[in-house]
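Residues take their numbers from the sequence shown, with the count starting at 1. Below, each value reflects all heavy atoms present in this structure, side chains not excepted, and no hydrogens, waters or symmetry copies.
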Amino acid sequence: MTFLNHMVPALLLVLIQGANGQGGPIKLYWTTDHEWQSPKYSYGAPPAIYPLELGTFGPDGPWQGLSVPLGHRDVDTYLDSIDTFPFWPSPWSSVSEILTVPGGGKLSQWPDAPLDYTRSDPFYNSTNTGTVTQDAMSFFDKDWDRFYHADHVPVVAISSWNVSRSVNGAFYAPRVGTLGLAHSTMENGSLLQQLNGETGLTNSFGLHINTARFNGPGSFILGGYDQRRVLGKVGVFDLMDEDMGFLPRVFLSDVTLGVQVGLSPFNDTTMGLERNFSIFQGTQNDQADQLTQRHRGQAGSAMVVPDPTVPLIYLPPGTCEKAASYLPVTWDSFFEYYVWDVSSPRYARIVNSPAYMGFVLTDRQGNNVTIKMPFRVLDLSLSSPIDDPPVAYFPCKSVDSTTGYWKLGRAFLQAAFLGVNYNNNLTFLAQAPGPWLSNQWGVNEIHEIHPDDVNLLSHDISEFENSWSRDWTITTEAADGPSGNDKQKKAVIGGSIVGGVVGVFLIGFCLYVCSRLAHKEIAAAKLSLAESEARRLGREVNVPVASGGRRRAIGGEVVAHGALGGRPKTPVAVLDDVPPPYGEALKEGASMPPPYGPPAGESSGSR
């Protein structure tokens, strides 16, 4: 008895008409979508409405995932016993991971299987176990009049999935599974390979997670992509060799802090007025440098892998710390996260501004593409079971990599488009828009990714600013003083002292002004008499001036000289933070196992 007779995962998808008709791209639902209507052809049964909205997920988001209903397939056009499961897209694995009830999920039935499964992710510091089987996944076509099937998809029923919560050894279980998309060397191939044989769907996808915090709609297209999610230059990256698990060959050559429009919100006397400056500290890792050299990358750059299955931006030691030195954040050594100081006026100034963290990626032709991460999406929340009540955090984490590369997780993919063409072993990365999609674009700009496509269509990069303008507060006044966390308390104390001195000064100044006003009246009377005498005699007479200097009266003209001009006061620079001590880096265990087998053929090395 197959898994089909127990619990058939049925991908209830909306087909988007493509160039090849029924074989066109497929648009998947997200957990923030509201409902799905059953097929209109249900043997006389009225269409049923099933809730799809699972909401957002933490504890390090909020995130929106793919919403995939699973259920029994009784006839060719009807499903019953439907339940909805959340998934992260998993580009570099061919296996879909479904959480069982013992594993913290909802899957209550799964077959016995002789093949045990264990996977560890040293970046996310997680380990999961389960059993592997091959069974069916199904989905409807655009008109909901029949199924398409992939009958032997690699599926893992996860019975245990633990993520380390902190250095004290506490763990928690994730609530979201993974949807395997990569090629498989198993007899029947992967999900996409089987759909290709059934429907002509190309072995490809396009993804933009977007920002759930600002209700930005996500986009995930099997067999194609949404052009509205691709802005500016598109970086094209090929895949690495089999020993590296056919991961994309992406080189991170720089990380910057900058501002899209207006003045910089960063408090720094040397860099604060610059629009963009580098904070990248290199790899500081001999193994990583050797890997970069082996794959013909620029010296000093780091290999990175975009991965929606992990939450944070994982970088070589030093770069996150350098970024933090310009921000009102503190390092929580217990939970190993940078936490925003929401009481600091600099917090609102930075996260509400058009400031960004830029990632300069070098592709296979040596071209650079910059992905700008607005600080609006770098202000996320740590919630239970990591922290309760929730706290705001900065999703950048230093990792001393043992694999020679680092990962750019969901935090990065809020503002980046990721596409993969498994047919010719190419990965595409580009700037993605913010939550406000242009009204000038079409409602659907879905394009198929053909097997021989080596580039994608995009919109002008100016749409990046337009898509965020409603959520930005432009900085119009320059920031004062250098940054640095260690000096922040000194700034408060210094500010209090300066405030007290200023108060005393103001009281004395008022008394002084009153005295000088009286003196001025007397001096004015003397001035009038002296000037009259000077004009009568026609000679030079020294005349006292109320300002404290003197002036000469000559033949009826009075010329001032010797007065104190009153030089403008130099403003007191309030001292701010200094860089915190480096946090204890997350240590990795064994290297991640590569995805399951090489791809077919040879590797090419609005709201």
Side-chain angles (χ1 to χ4, degrees), residues 11-16 25-36 51-58 60-69 84-91 96 139 174-179 181 204-231 306-313 371 373-374 376-378 380-381 395 408-420 428-438 441-447 449 456 458-459 463-464 467-468 471 606-607:
L11 293 179
L12 307 184
L13 312 169
V14 178
L15 289 186
I16 305 302
I26 304 166
K27 183 178 180 180
L28 275 71
Y29 284 108
W30 290 80
T31 57
T32 46
D33 293 327
H34 297 295
E35 61 185 26
W36 166 80
L52 277 180
E53 187 172 11
L54 299 174
T56 58
F57 297 89
D60 40 31
W63 313 113
Q64 53 194 357
L66 300 176
S67 185
V68 181
T84 306
F85 290 72
F87 289 90
W88 307 128
S90 183
S96 294
F139 61 91
R175 298 171 53 202
V176 183
T178 64
L179 185 65
L181 301 167
S204 60
F205 73 85
L207 168 68
H208 174 213
I209 289 181
N210 215 325
T211 169
R213 181 179 178 187
F214 295 97
N215 300 317
S219 174
F220 185 73
I221 313 293
L222 287 175
Y225 67 101
D226 187 343
Q227 185 183 344
R228 299 178 302 168
R229 308 309 179 106
V230 188
L231 304 181
D307 189 349
T309 68
V310 297
L312 308 185
I313 299 170
I371 309 297
M373 307 290 303
R376 295 295 264 168
V377 303
L378 296 175
L380 297 174
S381 178
L408 306 178
R410 292 188 293 276
F412 174 79
L413 293 168
Q414 293 177 103
F417 168 85
L418 169 65
V420 177
F428 307 100
L429 284 166
Q431 182 70 58
W436 298 93
L437 303 183
S438 174
W441 300 341
V443 175
N444 286 317
E445 294 193 13
I446 309 300
H447 302 288
I449 298 178
L456 304 180
S458 68
H459 283 285
E463 294 295 342
F464 169 69
S467 67
W468 275 106
D471 293 301
S606 123
R607 67 179 182 189

Asks: Can you sort out the partners of Trp63 under side-chain hydrogen bond (donor to acceptor under 3.5 Å, both in side chains), two or more places apart, ordered by chain and number?
Replies: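 side-chain hydrogen bond (donor to acceptor under 3.5 Å, both in side chains) check on Trp63 returns Asp60.
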Asks: Given side chain to side chain contact (heavy atoms under 4.5 Å, CB included), test Leu378 with Ile313 step by step and report yes or no.
Replies: CA-CA 10 Å; Leu378 296 175; Ile313 299 170; 4.0 Å; yes
Asks: Minimum heavy-atom separation for Phe464 to Pro374, with atom names?
Replies: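 Residues Phe464 and Pro374, closest heavy atoms: CZ-CG, 3.8 Å.
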Asks: What's the separation between atom CG in Asp307 and atom CG in Leu413, rounded to the nearest 0.5 Å?
Replies: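 If we round to the nearest 0.5 Å, Asp307:CG and Leu413:CG are 8.5 Å apart.
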Asks: Which residues pass the side-chain contact (heavy atoms from CB on, under 4.5 Å) test with Val176, not counting sequence neighbours?
Replies: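 Counting only residues at least two positions away or on another chain, Val176 forms a side-chain contact (heavy atoms from CB on, under 4.5 Å) with Phe57, Pro86, Trp88.
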Asks: Would you give the length of the straight line joining atom CG of Leu456 to atom OG of Ser204, rounded to the nearest 0.5 angstrom?
Replies: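 One gets 9.0 Å once the value is rounded to the nearest 0.5 Å.
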Asks: Please enumerate all residues that pass ring pair (Phe, Tyr, Trp, His ring centres under 6.0 Å) together with Phe417, with sequence neighbours excluded.
Replies: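 Listed in chain order: nothing, the list is empty.
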Asks: Please report the shortest heavy-atom distance between Ala411 and Leu380, naming the atom on each side.
Replies: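 In terms of heavy atoms, the two residues are closest at CB-CD1, 4.3 Å.
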Asks: Would you say Phe87 and Leu28 make side-chain contact, with heavy atoms under 4.5 Å?
Replies: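 No, every pair of side-chain atoms sits at 4.5 Å or beyond.
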Asks: Take Val420 and Leu181 through the side chain to side chain contact (heavy atoms under 4.5 Å, CB included) test and state the conclusion after the steps.
Replies: CA-CA 10 Å; Val420 177; Leu181 301 167; over 6 Å; no
Asks: Of all residues at least two apart in sequence or in a different chain, which pass the side-chain hydrogen bond (donor to acceptor under 3.5 Å, both in side chains) check with Ser467?
Replies: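 In terms of side-chain hydrogen bond (donor to acceptor under 3.5 Å, both in side chains), with neighbours along the sequence ignored, Ser467 is linked to no residue.
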Asks: Can you sort out the partners of Arg213 under side-chain contact (heavy atoms from CB on, under 4.5 Å), two or more places apart, ordered by chain and number?
Replies: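 With neighbours one apart ignored, the set is Pro62, Thr211, Asp379.
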Asks: Return yes if some donor-acceptor pair links the side-chain N/O of His447 with the main-chain N/O of Gln227 below 3.5 Å, else return no.
Replies: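 No, the answer is negative, given that no donor and acceptor are paired below the 3.5 Å cut-off.
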Asks: Rounded to the nearest 0.5 Å, what separation is found between the CG atom of Leu418 and the CG atom of Leu207?
Replies: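 Between atom CG of Leu418 and atom CG of Leu207 there are 5.5 Å.
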Asks: Once side-chain hydrogen bond (donor to acceptor under 3.5 Å, both in side chains) is applied, do any residues pair with Arg410, and if so which ones, sequence neighbours excluded?
Replies: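 Not a single residue meets the side-chain hydrogen bond (donor to acceptor under 3.5 Å, both in side chains) criterion with Arg410.
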Asks: State, to 0.1 Å, how close Pro433 and His208 come at their nearest heavy-atom pair, and which atoms those are.
Replies: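 Minimum heavy-atom separation between Pro433 and His208: O-CE1, 3.3 Å.
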Asks: Can you name the nearest heavy-atom pair linking Pro217 to Leu437, along with the distance?
Replies: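 Looks like CG-CD1, 4.4 Å.
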Asks: Within this structure, what is the CG-CZ distance for the pair Asn210 and Arg229, rounded to the nearest 0.5 Å?
Replies: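 Spacing of CG (Asn210) from CZ (Arg229) equals 5.5 Å.
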Asks: Just to verify, what does Phe428 make a ring pair (Phe, Tyr, Trp, His ring centres under 6.0 Å) with, not counting sequence neighbours?
Replies: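 Checked Phe428 against ring pair (Phe, Tyr, Trp, His ring centres under 6.0 Å); zero matches.
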Asks: Which residues satisfy the side-chain contact (heavy atoms from CB on, under 4.5 Å) test with Ser90, sequence neighbours excluded?
Replies: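 Per chain and number, Ser90 pairs via side-chain contact (heavy atoms from CB on, under 4.5 Å) with Ser93, Thr178, Thr309.
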Asks: Check the pair Ile371 / Leu408 against side chain to side chain contact (heavy atoms under 4.5 Å, CB included), numbers first and verdict last.
Replies: CA-CA 11 Å; Ile371 309 297; Leu408 306 178; over 6 Å; no
Asks: As an exercise, state the distance from OG of Ser458 to CD of Glu463, rounded to the nearest 0.5 Å.
Replies: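 That separation rounds to 11.0 Å.
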Asks: For the residue pair Trp436 / Asp471, report whether a side-chain donor-acceptor contact shorter than 3.5 Å exists.
Replies: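 Yes, because at least one side-chain N or O of Asp471 sits under 3.5 Å from a partner of the opposite role on Trp436.
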Asks: Run the numbers on Phe412 and Met373 for side chain to side chain contact (heavy atoms under 4.5 Å, CB included), then give the verdict.
Replies: CA-CA 7 Å; Phe412 174 79; Met373 307 290 303; 3.8 Å; yes
Asks: Test Thr56 against Gln64 for side-chain hydrogen bond (donor to acceptor under 3.5 Å, both in side chains), laying out the working first.
Replies: CA-CA 5 Å; Thr56 58; Gln64 53 194 357; over 6 Å; no
Asks: Check whether any side-chain heavy atom of Leu222 lies under 4.5 Å from a side-chain heavy atom of Pro25, and answer yes or no.
Replies: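 The answer is no; the side chains never approach within 4.5 Å.
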Asks: If I compare all heavy atoms of Ala430 with all of Val230, which pair ends up nearest, and what's the gap?
Replies: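 Here Ala430 and Val230 meet closest at CB-CG1, 3.8 Å.
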Asks: Do you know the tightest heavy-atom contact between Leu66 and Pro89?
Replies: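 For Leu66 versus Pro89, the nearest heavy atoms are CD1-CG, 3.8 Å.
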Asks: Got a sec, which residues hit side-chain hydrogen bond (donor to acceptor under 3.5 Å, both in side chains) with Gln431, two or more places apart in sequence or on another chain?
Replies: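 Scan of Gln431 (side-chain hydrogen bond (donor to acceptor under 3.5 Å, both in side chains), adjacent residues dropped) gives none.
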